[in-house]
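A short write-up of the structure that comes next.
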Amino acid sequence: MLDTLDERVALRRPARHLANKVFPSHWSFLLGEVALFSFMILVATGVFLTMFYRPSTAPVVYTGTSAIYAGRELPEVFASIVRLSHDVDGGLLFRRIHRASSHVFIGACIAHLLRVVLTGAFRRPRELNYLIGLTLLLLAVGSGYSGHNLPYDVLAGTSLRILYTLLLSVPYLGEPLALGAFGGEFPGDIMPRLFVVHVLALPGLIAGLMTVHLLILGRQTHTQLPRTGIDGAQRVVGEPLWPWQAARSTGLALGLGATVALSAALVPWSDVDLHGPFEIAQTTNTAQPDWFLFWVEGVLRIYPPIEFHVAGTVVSGPLVGGVLLPLALVALGYAYPFLERRRHPEPGDHHVAQHPLQIPFRAGAVAGVVVLLVLLTLAAGNDVIARLLGLSTESVLWAFRIAVPLAPPLAAWGAAAHARAQGRRWT
Amino acid sequence: MGTSEDEEGLDILQRRVPAPGPGNAVVVAAACAVTAVAAATFAVAVLTGASVALQGIALAAALAGLALAVRRLAPAVFPHVETAEDRDAPEGSDVPLSDVEPVGRRPLLRRVLVAAGGVVGLALLAPLSALRPPRAEAERGTGWARGTRLVMPTGEPIAADDVPPGGIATVFPSDGVGREIAAVLLVRLSGVAPADPTRLDWMVGDDLVAYSKVCTHAGCPVGLFRERTSTLFCPCHQSSFDAARGATPTFGPPSRPLPQLPLAVDGEGYLIAAGDFGGPVGPAVG
């Protein structure tokens, strides 16, 4: 069989080259693989779900087996989700697996990014693959956000309304941006647009960029953890793809599939019975985005009531907290390799991983950003924190208003000083 | 540099033939058996519409069994090898990208060609205008004017007495039911006298007042009313407004009050608007 194929497509040499490709055996190099495999699960389950999804908000009467919704008039899109969850063979299972995998996908992208940043794997010659990887994370977050809103339940309606507000807040361009993106005043014609973005544009971009990411990785090879007797600058040590790494990756993919399947059995991910369909001017007390956007929710909550007019436009909380701050963090992410290089000019290529505390500037930058994002994430639950601690929401809000500007610079300074004092390095 | 003679071969640093335990074959076989049974169970569960718990557990067991079998079979079949791969160094600019040499330069014509391509690219942006809303829709205003009747989401008109003391109701202009930007919250205050900056002459009686329902912070619906403190509350970011004092912000991120809608009663006893909102509706527009 293989010989037959080889005679026709001359496969033997490239196949052998691939089989001998070296993979480092440290677990932290598997985080990217987790992202890759969860994306594959997302595509497979997504294709199934797409067949039953209807991106229209026109009212229809749902006539399926759901006891809650039977006979009720619902937006067609919401009714199609109810049908998926109650009337399609395997529909509920695949919906839940899709949701669980989306959490894994974004979590794995973030963990992978942290590994790359902390060990200095973004340095020359890998800057381009770092930028592609960061873009992949942003596309993953966009997929998560758009997918979270596809059911058109109360949560989706609320989160889309806030996106509309953020677009509106952009100086000078707000109105054309918001009306153009939504195709009219809220909710406009958003569902078909969100649908095509989620099922075609974003996954297409992710698949394409992931391919480029892996091709570049193949050319550049992995970084090498420091090891005596190995010149990591010249070579990388590990297991060849065939057979052990292939067995390990297959096991990882199957294990991931088993985990999300089990979670689907146990956890009612994004249950359609929990939140009703979105109706204009209705919301719920539990209006929350997904966990990876809590930090935006947090900054919108704690931003002080300040709004001022300047140069013919308005500087509002949604603009500063929901647009400018996220844009600044993204810009910092893209600029980081070049900022660090300016601070620590080290000419030449770098293939050997560094200890996370080796470069104080880096330790400080990571600590500052992580503390900022964690604090803002917690701020999204300030009412929950207040209840747990028996404090008033007001005092918790003020604690966050004070901590958010102060703690990240302090953490950055502290981490940099700690790194400098420790002087840790692997080589 | 590879130590093996074969240039494409592996440069093996370590080679170890693991000794699988005596029970390894049993584990692999058992895992495969579990996988087969669980996979069949999964198929039957989906086809018969069994519970999602059974479907998920069966699928998980099938995949986990397969994973275990793969991981346990590999060391029984292959040695464990550790190898090194040399990194490719860039070959430098002496290596040509193509072996076809140009015969002329024509820099001006090249630039003209690039410019023409740019014009095509810009022209292809024009169809983006399709994303715009119809012009008429973009210029409709809030939909409230003198004499516009207040109607409930069902389209029925509403009378002052339909809102109980301490109660609220969501209403729309009669010609704009479901228009988000026009949503209004009717509030009947109880146990508190409305005070400045509430426009008392815009109220019906001394307790029925109407405010825009669109939060001036991020645009969520201000859907909750705490009668005890006369507080209107938005669940998105905890914006709070004092309904007895012109919906002035009292807590959280909003910096502007919810604009008040002037109310009146028509000849049939139903509520109507006496004009448009007293201020800008909803969040800031940049």
Side-chain angles (χ1 to χ4, degrees), chain A residues 16-17 20 22 89-90 92-93 158 161-162 164-165 168-172 174-175 179-180 183-186 188 221 234-237 239-240 243-244 247 250-251 254-255 257-258 261-262 264-265 280-285 287 300-301 303 305-307 313-314 316-319 351 383 393-394, chain B residues 8-10 13 46-47 49 52-57 59-61 63-64 66-67 70-71 74 77-78 80-88 131-134 137-138 153 170 178-181 183 213 217-221 223-224 235-238 249 251-256 283-286:
Chain A
R16 183 177 176 206
H17 186 73
N20 286 350
V22 163
D89 287 351
L92 183 57
L93 180 73
T158 310
R161 183 59 181 84
I162 294 172
Y164 186 78
T165 299
L168 266 186
S169 75
V170 173
Y172 312 114
E175 213 155 53
L179 292 176
E185 75 181 22
F186 179 79
T221 63
Q234 300 299 325
R235 47 196 348 209
V236 58
V237 172
E239 288 159 22
W244 274 52
T250 309
L254 291 168
L262 187 63
I280 296 296
Q282 297 300 323
T283 186
T284 162
N285 229 348
L300 287 176
R301 283 188 179 205
Y303 193 83
I306 301 171
E307 193 172 287
T313 184
V314 189
S316 60
L319 173 66
H351 293 290
D383 46 342
T393 317
E394 188 150 30
Chain B
E8 302 220 348
L10 284 175
L13 305 179
V46 169
L47 293 175
V52 68
L54 180 61
Q55 295 176 14
I57 289 171
L59 181 59
L63 296 176
L66 216 49
V70 169
R71 291 305 299 269
V77 179
F78 297 103
H80 179 262
V81 294
E82 191 176 62
T83 65
E85 180 181 345
D86 291 325
R87 302 185 200 276
D88 275 350
L131 296 177
R132 274 184 322 193
E137 190 181 327
T170 299
R179 256 195 92 204
E180 195 249 2
I181 200 72
K213 197 181 176 181
H217 170 235
C220 294
L224 304 172
C236 282
H237 308 105
Q238 303 162 334
F251 180 73
S255 54
R256 279 179 288 118
V285 178

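Lettering of chains follows the sequences in order, A, B, ..., and the numbering in each one begins at 1.
- Per-residue counts of heavy-atom pairs under 4.5 Å with chain A were compared for B:Ala61, B:Gly178, B:Gly49, B:Gly223; the largest is that of B:Gly178.
- Across every non-hydrogen atom of A:Leu93 and B:Gly56, the tightest pair is CD1-CA, 3.5 Å.
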TODO: Check the pair B:Ile57 / A:Leu262 against side chain to side chain contact (heavy atoms under 4.5 Å, CB included), numbers first and verdict last.
DONE: CA-CA 5 Å; B:Ile57 289 171; A:Leu262 187 63; 4.0 Å; yes

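- In terms of non-hydrogen atom pairs under 4.5 Å with chain A, the most contact-rich of B:Ala74, B:Ala53, B:Ala64, B:Ala218 is B:Ala218.
- In terms of non-hydrogen atom pairs under 4.5 Å with chain B, the most contact-rich of A:Thr393, A:Ile306, A:Thr165 is A:Thr165.
- B:His217 is listed as a side-chain neighbour of A:Pro318, based on a closest heavy-atom distance under 4.5 Å.
- Heavy atoms closer than 4.5 Å to chain B are found in the backbone of A:Tyr172, but not in its side chain.
- Annotation: maximal heavy-atom pairing with chain A below 4.5 Å, among B:Leu47, B:Leu66, B:Leu131, B:Thr170, occurs at B:Leu131.
- Interface remark: of the candidates B:Ile181, B:Val52, B:Val46, B:Val70, B:Val52 forms the most heavy-atom pairs closer than 4.5 Å to chain A.
- Contact of B:Pro249 with chain A is not made at all, since no heavy-atom distance falls under 4.5 Å.
- Of all heavy-atom pairs spanning B:Phe78 and A:Trp244, the tightest one is O-NE1, 3.5 Å.
- Heavy atoms of A:Leu300 lying under 4.5 Å from chain B belong to its backbone as well as its side chain.
- With a 4.5 Å cut-off on non-hydrogen atoms, A:Thr250 touches chain B through its side chain but not through its backbone.
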TODO: Determine, stepwise, if the pair A:Ile162 / B:His237 fulfils side chain to side chain contact (heavy atoms under 4.5 Å, CB included).
DONE: CA-CA 11 Å; A:Ile162 294 172; B:His237 308 105; 3.5 Å; yes

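- Heavy-atom pairs under 4.5 Å with chain B peak, among A:Thr313, A:Val22, A:Asp89, at A:Val22.
- Taking each heavy atom of A:Ser316 and B:Ala284 in turn, the nearest pair found is CB-CB, 3.6 Å.
- The residue among B:His80, B:Gln55, B:Arg256, B:Glu82 with the most heavy atom pairs within less than 4.5 Å of chain A is B:His80.
- Only the side chain of B:Leu224 comes within contact range of chain A, judged by heavy atoms closer than 4.5 Å.
- With a threshold of 4.5 angstrom between heavy atoms, A:Ala264 approaches chain B through N, CA, C or O but not through any side-chain atom.
- The two atoms that bring B:Pro133 and A:Gly184 nearest to each other are CB-CA, 3.4 Å, heavy atoms only.
- With sequence neighbours left out, the ring pair (Phe, Tyr, Trp, His ring centres under 6.0 Å) criterion links B:Phe251 to no other residue.
- Residues satisfying the salt bridge (Lys or Arg N to Asp or Glu O under 4.0 Å) criterion with A:Arg161, sequence neighbours excluded, are B:Glu180.
- Listed options A:Pro171, A:Gly257, A:Ala281 were ranked by heavy-atom pairs under 4.5 angstrom with chain B; first place goes to A:Ala281.
- At a 4.5 Å heavy-atom cutoff, the contact between A:Val170 and chain B is made by backbone atoms alone.
- At a 4.5 Å heavy-atom cutoff, the contact between B:Ala183 and chain A is made by side-chain atoms alone.
- Closest heavy-atom contact between B:Cys236 and A:Thr158: SG-CG2, 3.0 Å.
- Closest of all the heavy-atom pairs between A:Ala261 and B:Ala60 is CB-N, 3.8 Å.
- Looking at B:Arg71, the atoms closer than 4.5 Å to chain A (heavy atoms on both sides) all sit in the side chain, from C-beta outward.
- Chain A forms the most heavy-atom pairs under 4.5 Å with one residue out of B:Thr83, B:Leu59, B:Val285, and that residue is B:Thr83.
- Note that CD of B:Glu85 is 6.0 Å distant from OG1 of A:Thr221, once rounded to the nearest 0.5 Å.
- Between the CD atom in A:Gln234 and the CZ atom in B:Arg87 there is a gap of 8.5 Å [rounded to 0.5 Å].
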